[in-house]
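Report on the structure given below.
Convention: sequence-line order gives letters A, B, ...; per-chain numbering from 1. As the structure is a computational prediction, the values presented were derived from the model and not from experiment.
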Amino acid sequence: MDVASLPGDPRFFTRLGPFPASRLAEVAEAELVCGAGGSPETPFRGVAPLQAATAAEVSFLDNRRYLPQLGETRAGAVILSPAFRERLPDGVMGLITKSPYLAWARVASLFHPPVPVRPGLHPSAVIGEGAELGESVEIGPFVVIGAGARIGAGTAVAAHAVVGEGVVIGERCRIGAHVSISHAVIGDRVTLHPGVRIGQDGFGFAVGPAGFETVPQLGRVVIESDVEIGANSTIDRGSMRDTVIGAGTRIDNLVQIGHNAKLGRCCIVVSQAGISGSTELGDFVTIAAQAGLIGHIKIGEKARVGAQCGVMSDVEAGADVIGSPAMPFREFFRNVAVLRKLAKRPDKETG
Amino acid sequence: MDVASLPGDPRFFTRLGPFPASRLAEVAEAELVCGAGGSPETPFRGVAPLQAATAAEVSFLDNRRYLPQLGETRAGAVILSPAFRERLPDGVMGLITKSPYLAWARVASLFHPPVPVRPGLHPSAVIGEGAELGESVEIGPFVVIGAGARIGAGTAVAAHAVVGEGVVIGERCRIGAHVSISHAVIGDRVTLHPGVRIGQDGFGFAVGPAGFETVPQLGRVVIESDVEIGANSTIDRGSMRDTVIGAGTRIDNLVQIGHNAKLGRCCIVVSQAGISGSTELGDFVTIAAQAGLIGHIKIGEKARVGAQCGVMSDVEAGADVIGSPAMPFREFFRNVAVLRKLAKRPDKETG
Amino acid sequence: MDVASLPGDPRFFTRLGPFPASRLAEVAEAELVCGAGGSPETPFRGVAPLQAATAAEVSFLDNRRYLPQLGETRAGAVILSPAFRERLPDGVMGLITKSPYLAWARVASLFHPPVPVRPGLHPSAVIGEGAELGESVEIGPFVVIGAGARIGAGTAVAAHAVVGEGVVIGERCRIGAHVSISHAVIGDRVTLHPGVRIGQDGFGFAVGPAGFETVPQLGRVVIESDVEIGANSTIDRGSMRDTVIGAGTRIDNLVQIGHNAKLGRCCIVVSQAGISGSTELGDFVTIAAQAGLIGHIKIGEKARVGAQCGVMSDVEAGADVIGSPAMPFREFFRNVAVLRKLAKRPDKETG
C-alpha cells in the first residue's frame, strides 16, 4: 500500500510501535472490547481514518455523521463512545470511552510522538551579549537572540526566528521558523507557529498639527504557559499596560490581537478573527473564525462568539452571539427567517 | 519622459524588443488592423495603459467602462475585442481578439519576460544531509533546506526560505522570500509568494482534564502543479488525510486554508478568505475576498461564493451565493431591498 | 514595586528623566495647575495609567468613561482637557490642554524616546553589487540588500529583512524584522513592522486554453513619507500603474492592499481590512477593521468605512458607511432596529 494514503508519511513523521491493543486501551483510558478474533495482544502499527484503516490500524468515531463509515471500516479497532458500541462491526475491536477525541489524540501521540528537541546551537546563530540559554535548548540556523534574552531549558527555536533584547521565554517552548518576538515575557510549553509576530508597536497615534504622531507603546506582551499561536498571527504589545494571553489559550492562524487586550485561560480564537485594543475575554471564551471585536469591551467567561460576528458591546458570560452587529444566536436565525419570508411576499404588501 | 510614468521601470524589470506589430499580432493570436499610417513593421517598445501610452506602446481595452479612454488614447496600438473595433480612433492600430486580456498578458510577457532563474547555491545556504537539488536550481542567501528534501530542476528558492525535512518540490517552482514549508509535496511550476506558510500543525486539540491537549496532525499538504499562493497565506497540513490544493488553483494574499481541506482544479480564492478544516471545493470554484467557509462542507464545481460571504452548508455546483449566512445572489439583494423599504415606512406600520 | 506593573519595563525600554513638572508642561504645550503641594519643580520619573500611577508618575485622561478612575488616582499629575479640570482630585497636579492624547504622546516620548539607530553593518549581511547605503544606516544580521538598492541616511533595517534589487528606501526609515520589499520606492521616515510584504505580484491572471496564465505585473509600490504599516500586512505592486500609499497614512496589521490601489494622505486602515485592486481613497479616509472594498471604486476624502463593512460602490466624501453591502450609518442601525421589531411580532403578522 502506498505509504501516502495513510497518516504518518515516514518522510515527515516518526513512528513507534507496534503496540498491543491492551497498551492502546491503557493510553486511551478506554474499555477494551475484543470481540471475535481480537485479543489484548493483537498488535497495532498506527492510526488511520475509518475509510483508510486496515486491520493493523486503530481508528476513531467522534461524529454521528460518520456512522455509515463505521459500518464499512476495515480498521482493526475503533475508539468510540459507549453510545455507538452496538454499532461496531463484527471483527472490529472497540476502545470504549466517553472522550473518544481525547483518547484518539493520546493514541495517535503514542505512535507518533512530537519531534524531540535536538539540543545544540547552530553555528550560524547570532547570540547577543548576556543572553542566557537554558539546558538542552535547540537554536536553529540564522536565529538571532538579542542581548539579555533568556531561553528556558528544553526550548527549541527554529530557523530564522528573531528574539528581541530582554525577551524571556520559558521551558519546553517551540518557537517556529521566521517568528519575531520583542517586548515579551513567555511562559512554559508555549508553541508559536511560523511567522507569528509578537510585541511590535500597537496601532496608536494622536492627531498633531502636521499629521499623525506615534504614541509610545510602553507595555509588553505576556503569554502564559501552554498557549499555542497559529501561523502569521500578530499580537501587539500594550501601550500602558500589558497585552496578556491567558494560560492554555489556543489561537489559530492569521489572528490579530490589539494592544492591551487581555485573554483569559483556555480561550479559543479561530483563524482570521480580530480582537481590538483593550478588550478583555474571560476564561473559556470561544471566538469563531473571522469574528471581530471592537476595543474596550468585555466578553464574559464561556461566551461564544460566532463566525464573522461583529461585536460592538459587552457580551455576558455564557452567551452565544452571532451576526454583525452581534445578537443572540436565536435572534439572529429568527431575523434571517423573517426577512426571507418578507422577501417572498408579493410586492404590494411590503411596498 | 519620466520612466516611472510608464509600466516596466528599468530598475525593476527587464525589457526586450522593440518588436514589430506583426510579432505582437502573432503572440496575441489577434487580427492586425493597421489603419492609416500603420504597417506590420511598425515597431513597438512596450506596453502601457490607455491614458499613458505613446505611439511606441501597445495598450488594451477589456472593460466597457474604459471606452472613453480609448477615444483619447495616444497609444500606437490597442488590443481589443471585435465588439469595439469600430471605436478605434484614427491612426491607432488594432489587435483584434476575442480574448483581449489573455492577449495582453502574452504581449506584456513578450516585452517583460519573467526574471530567469539564476542557477547557483549561495554560500550562506544551509543544506541538510541527503537533500537533493536538481539541475539549475537557484538557492538564495540564508536558505535552509532540511535533510532529505528534494528540489526539482529549474526551481528558485529565494532568500530566507525554509524547506523542511523530507519536503518535495517539483521543477520550475518559485519559492519566495521568507516562505516556510514542512510536511509537503509540491508539484511543478508552483509559485509561493513571500511569507507563505505551508504544512504547520492544523488547529486541532481535545479537551483534557487539565486543559486542551494537542491532537497530532499526521497528514501532509499536497500542492499540485501550476498553483500560485499569495503573500502571507497559510495552509495547514492535514490531521489524518492530506490538505490538497488542486492543479492550477490561484490563491491570493492572507488566505487561510485549514487542515484536510481539499481544493479542486483551477479554483480562485481571493485575499483574506478562509476555508475551514475538511471542507472540499470542486473544480473551478471561486471564493471572493473575506469569505469564510465552515468546516466539513462541500462546494460544487463552478460555484461562486461572494465577498464576505459566510457559508455554513453545502453549495450546489454552479450556484452563486453571498451574504452571511450564504444565500443565492438574487435572494440577498431582494432582502436588502425589502429591508430598506420597510425601514422607510412610518413607525406605526412596523411598530 | 514590581517594575512590571508600570509601563516602561527597563528590560525593554530606555528611560530618561526625572523631569520637573514645568518641563512636562512645556513638552505638552499645556497649562500647569499645581494645586496644593505641587510646584513647577516637582520631579516626575515616568508615565502610568490612572489606576497604576504613583506620585512620581504623570497620567492622562482622554475618555469620559474613565472619569471614575480620575477620582481615585494617586498620580502626581494628570494630563486632561479643560472640561475636566474641576474633576482633578486634591493634591493631583493638572496639565490642561485641548489635545490631551497628543500631549500624552509627547510626554511619554520624553521619558521613553524611540530606540536610536545603531549605525553599522552586521558582518552577516549580504549587500548586492552597486547597492548604496547612506550615512549612519543600521543593517542587522542576515539582512539581504539587492544589487543597486539605495538605503537613505539614518535608516535601520532589522534582522532578516530582504530588500530587492533596485529598491529605494528614504531616510530615517525603520524596516522591521523579516520584511520583504521588491519593486518599490519608499519615502522618508517610513516604518514597516515585522513580516510586511511589499511589492510582490498582484493577483492577476487571464483564462487561457490550458488554465490560468499570469498577467505580468509591471508597476511598482510607491510609499510616500511618514507612512507606517503593521505586521504581516501585504501590499502588491501595480499591474500597469503604481500602487500608491499617500504620505502620513497609517496601516494596521494583516491588511491587504491590492495592485494599483491608491491611498491618499493620512488615511487610516485598521487591522484585517482589505482594499481591492485599482480602488482609490481620498485623503483622511478611515477604513475600520475587517472592512472590505471591491476593486475599481473611489472613496471620497474624509469618508469613514465601518468595521466589517462591505463596500461595493463609490463612497462620497465625508460619508459614514457600514454594513455589507455598505449603507449610511443611520440607515444601517434603523434596519437593525426594524428587523428586530419584526422578528418579535407574532408569527401570523409576518406569515
Side-chain angles (χ1 to χ4, degrees), chain A residues 4 7-9 11-13 47-49 52 63 65 99 101-102 104-106 108-109 111-112 114 122 124 140-142 158-160 176-178 191 193-195 226 228 230-232 247-248 250 252-254 265-266 268 270-272 289-290 307-308 323-324 336 339-340 342-343 345 350-351, chain B residues 124 126 142 144 148 160 162 164-168 178 180 182-183 185 195 197 200-201 203-208 210-216 218-220 232-234 236 238-242 254 256 258 272 274 276 290 292 294 296 308 310 312 324-325 327 331 334-335 337-339 341-342:
Chain A
D9 183 333
R11 289 175 289 188
F12 304 122
F13 301 94
V47 294
N63 188 327
R65 74 193 297 170
S99 303
Y101 194 48
L102 179 62
W104 164 261
R106 291 175 175 181
S109 297
F111 287 105
H112 304 284
H122 195 277
S124 64
F142 310 121
H160 289 263
H178 298 108
T191 297
H193 288 289
D226 300 302
E228 188 160 337
N232 283 351
R250 300 273 173 147
D252 200 352
N253 298 344
L254 293 169
R265 291 170 46 240
C266 291
I268 297 170
V270 186
S271 65
Q272 297 177 320
Q290 297 186 337
Q308 296 190 330
S324 181
V336 168
L339 193 53
R340 181 170 298 148
L342 287 169
R345 286 179 174 185
T350 56
Chain B
S124 64
V126 172
F142 309 122
V144 177
H160 290 263
V162 174
E165 296 181 13
V167 165
V168 177
H178 299 109
S180 59
S182 71
H183 308 86
V185 176
R197 310 286 163 214
Q200 56 284 335
D201 275 34
F203 198 54
F205 45 86
V207 178
F212 300 126
E213 299 189 15
T214 296
V215 175
L218 302 173
R220 311 171 301 175
N232 283 351
S233 287
T234 56
D236 290 344
S239 57
M240 274 201 291
R241 60 182 200 190
D242 295 329
L254 292 169
Q256 153 71 1
Q272 297 177 320
S276 299
Q290 296 185 338
I294 65 159
H296 297 274
Q308 296 190 329
M312 300 188 190
S324 181
M327 60 192 84
E331 182 179 337
R334 200 166 54 212
N335 283 2
V338 164
L339 193 52
K341 227 181 240 181
L342 286 169

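Remark: B:F205 engages B:F203, B:F212 in a ring pair (Phe, Tyr, Trp, His ring centres under 6.0 Å) (not counting sequence neighbours).
Taking both residues in full, the closest heavy atoms of B:V338 and A:A343 are given as CG2-CA, 3.8 Å, listed atom of the first, atom of the second, then distance. Across all their heavy atoms, B:V207 and A:L102 have their closest contact at O-CD2, 3.6 Å. Of all heavy-atom pairs between B:N232 and A:L254, the closest is O-CD2, 3.6 Å. Closest non-hydrogen pair, A:Y101 versus B:A206, comes out as CD2-CB, 3.7 Å. Of all the heavy atoms in A:P194 and B:Q200, the pair that sits closest is CD-CB, 4.0 Å. Scanning all heavy atoms of the two residues, the minimum distance from B:L218 to A:A108 falls at CD1-CB, 4.2 Å.
Looking at A:F142 and B:V162, their side chains never come closer than 4.5 Å, going by heavy atoms from C-beta outward. In this structure, the side chains of A:H193 and B:T234 stay at 4.5 Å or more apart for every pair of heavy atoms. You'll find the side chain of B:V167 stays beyond 4.5 Å of the side chain of A:R11, heavy atoms only. Residues B:M240 and A:V47 have side chains not in contact (no heavy-atom distance under 4.5 Å, counting atoms from C-beta outward).
When each of B:E165, B:M312, B:H160 is scored by its heavy-atom pairs under 4.5 Å with chain A, the top score falls to B:H160. In terms of heavy-atom pairs under 4.5 Å with chain A, the best-connected choice from B:G219, B:G211, B:G148 is B:G219. Ranking B:M327, B:R241, B:Q272 against chain A, the residue ahead of the rest is B:Q272, based on heavy-atom pairs under 4.5 Å. Per-residue heavy-atom pair counts under 4.5 Å with chain B were compared for A:G230, A:S109, A:A177, and the maximum is reached by A:S109. The candidate with the highest count of non-hydrogen atom pairs below 4.5 Å against chain A, out of B:V185, B:V168, B:D201, is B:D201. Taking A:R106, A:R265, A:H122 one by one and counting their heavy-atom pairs under 4.5 Å with chain B, the maximum is reached by A:R106.
One side chain, A:H178 or B:R197, offers a donor N or O that lies under 3.5 Å from an acceptor on the other.
Between the CG atom of A:L342 and the CG atom of B:N335 there is a distance of 8.5 Å, given to the nearest 0.5 Å. The line from CG of A:N63 to NE2 of B:H296 is 7.0 Å long, rounded to the nearest 0.5 Å. Taking CD of A:Q290 as the reference point, atom CD of B:Q308 lies at 9.0 Å (rounded to 0.5 Å). Once rounded to the nearest 0.5 Å, the distance linking CZ of B:R334 with CG of A:L339 reads 10.0 Å. Residue A:D9 holds its CG atom at 8.0 Å from CG of B:D242, rounded to the nearest 0.5 Å.
Checked against the 6.0 Å centroid criterion, the rings of A:F13 and B:H183 qualify as a close aromatic pair.
Contact annotation for B:Q256: both backbone and side-chain heavy atoms come within less than 4.5 Å of a heavy atom of chain A. For chain B, no part of A:A289 is nearby; none of its heavy atoms comes within less than 4.5 Å. Neither the backbone nor the side chain of B:S182 comes within contact range of chain A; no heavy atom of the residue lies under 4.5 Å from a heavy atom of that chain. Neither the backbone nor the side chain of A:A158 comes within less than 4.5 Å of any heavy atom of chain B.
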